[in-house]
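To start, the structure under review is shown below, and the notes come after it.
Because the structure is predicted, anything quoted here is derived from the model rather than measured. When a ligand or atom number is given, it counts from 1 through the structure's own listing order.
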Amino acid sequence: MLTAGQRLTGRSRGGLKLVSDREGADVSLRLTVIGTGYLGTAQAACLASLGFEVLGVDSDPRRAHALGGGIVPFHEPGLQPLLQAGLRTGRLSFTTSYARAAEFGDVHFICVGTPQAADANRADLTQLETCVATLAPLLDRRCLIVGKCTVPVGTAQNLAERLALLAPGAELAWSPEFLREGHAVNDTLRPDRIVAGVQSARAEAILREIHADAIAARVPFLVTDLATAELVKVAANAFLATKISFINAMAEVCEAAHGDVHLLAEALGHDPRIGPASLRPGLGFGGGCLPKDIRAFMARADELGVDQALSFLREVDAINMRRRARMVDLARELAGREGFEGSRVGVLGVAFKPDSDDIRDSPALDVAATIHGLGATVTVYDPVAMPSARRVHPELGYADSAVDAVRDADVVLLLTEWAEFRDADPEVLGKVVTKRNIVDGRNALDPVLWRAASWHYRALGRP
Ligand code: UGA
């Protein structure tokens, strides 16, 4: 345990990262990760792979049990083997007990969810509040608490003040995570940068020690105050959302002016000041992060009296939502009827993006459900997201393959650009549909190939 007299040594033995205790003996640095969603599970498994002793904590007994048994209860490439490897070494385990976590941890990483409030744009911090209220009274020794989740600026300072009363030996740091779903393992082990919002040199030293491998690999390590660290995360997501909405706004202009947004994006992306990332036009952004983060950022700016500074994010959100409406319009147009009554629509993809089974605020699922609501018979297929989609939208039809989803369809919609759909053979799908109509919601297909196979190909922002 890392107590007042202990020093970080930077050494390891038998794969375990060590610290030096008051008498100079080497003991291991023990970490807890509280909240085991995408972020927390990736953190826990990656930290164990780096040689730390890690205890994952989740209040959901089923989740803790599944993870302890080597099962990742969501789709994240590469995570399950890493989890299983960590369990085999004995360095990684899971619990529901905060008391055990308090006793175990030198450093506690807080990775709980901060979703959008049900009735407003602001973030719902209930999980974070509960976590701190439960953990703090149990902490009876010196430790560092590191917030990883996305929070409104000012949250960390509030928590630090509460901790000072509830657990005087505990210090708070904020070190936001920038991982993308579908790339969680690589983004955690080799992030673009590490941001350490700290209040003391000791907290900085501990975070440097934990990230020693990444720092040695020249990952930039930036030391900030708490507020700046919180802001880096929301500002990064606001920027990414703005970039995506920018190119989608250009798609609207291209549609009116007979330009091609796909070529436009490619040409813009060659400018190194702009770059090609997050410049793919299409159905827009969804998921558990970008949409709720820009809304929570606006809500917080409002509270701080600087709402005007972020008023552009309202437009970013509006452009994004208009893409979904435009997709529905294009589908209706191709279905060849006034409304959707009597049409059959085959939908490829319901996850918010490929390589994920996450359907939170998924543009794809939203479009599918809207078209069903307008009277079409909608059949969907997604390589991994069907169980979660079926729970939320049992009214949709679910097929076992792409071919079955588009069978007898009047129009096919590609809504999530899984590799399986990008590589689909237009002849194979063409044989089973009623009419060869496709709307490429992600600009993922080659129009020349599909048109050569006699498909009526349409895409957002392309002629
Ligand atoms: C996003 C950020 O990229 C991460 O850096 C951040 O850590 C994470 O949120 C978070 O806050 O936890 P993620 O939601 O996994 O990560 O997904 P992205 O890859 O950013 O994609 C978000 C959405 O934008 C998806 O629906 C995707 O289809 C869409 N998108 C992305 C586009 O429409 N066009 C693009 O060019 C890129």
Note: Arg300 and Pro152 closest approach over all heavy atoms is CD-CB, 3.7 Å
Residues in side chain to side chain contact (heavy atoms under 4.5 Å, CB included) with Glu266, at least two apart? Leu263, His270
Can you list the residues that meet the side-chain hydrogen bond (donor to acceptor under 3.5 Å, both in side chains) rule with Arg314, with sequence neighbours excluded? none
Output for ligand 1, non-hydrogen cut-off under 4.0 Å, lists Glu177, Phe178, Leu179, Arg180, Glu181, Lys233, Asn237, Leu240, Ile244, Ser278, Leu279, Arg280, Gly284, Phe285, Gly286, Cys289, Leu290, Asp293, Phe352, Lys353, Arg442
Taking it one step at a time, do Arg91 and Phe52 satisfy side-chain contact (heavy atoms from CB on, under 4.5 Å)? CA-CA 7 Å; Arg91 287 199 294 270; Phe52 295 103; over 6 Å; no
Between Asp440 and Tyr457, does a side-chain hydrogen bond (donor to acceptor under 3.5 Å, both in side chains) hold up when you go through it step by step? CA-CA 7 Å; Asp440 178 0; Tyr457 171 94; 2.7 Å; yes
Enumerate donor-acceptor pairs with a distance under 3.5 Å from any side-chain N or O in residues 63-70 to protein atoms, sequence neighbours excluded.
from: Arg63; atom 1: NH1; to: Thr36; atom 2: O; distance (Å): 2.7

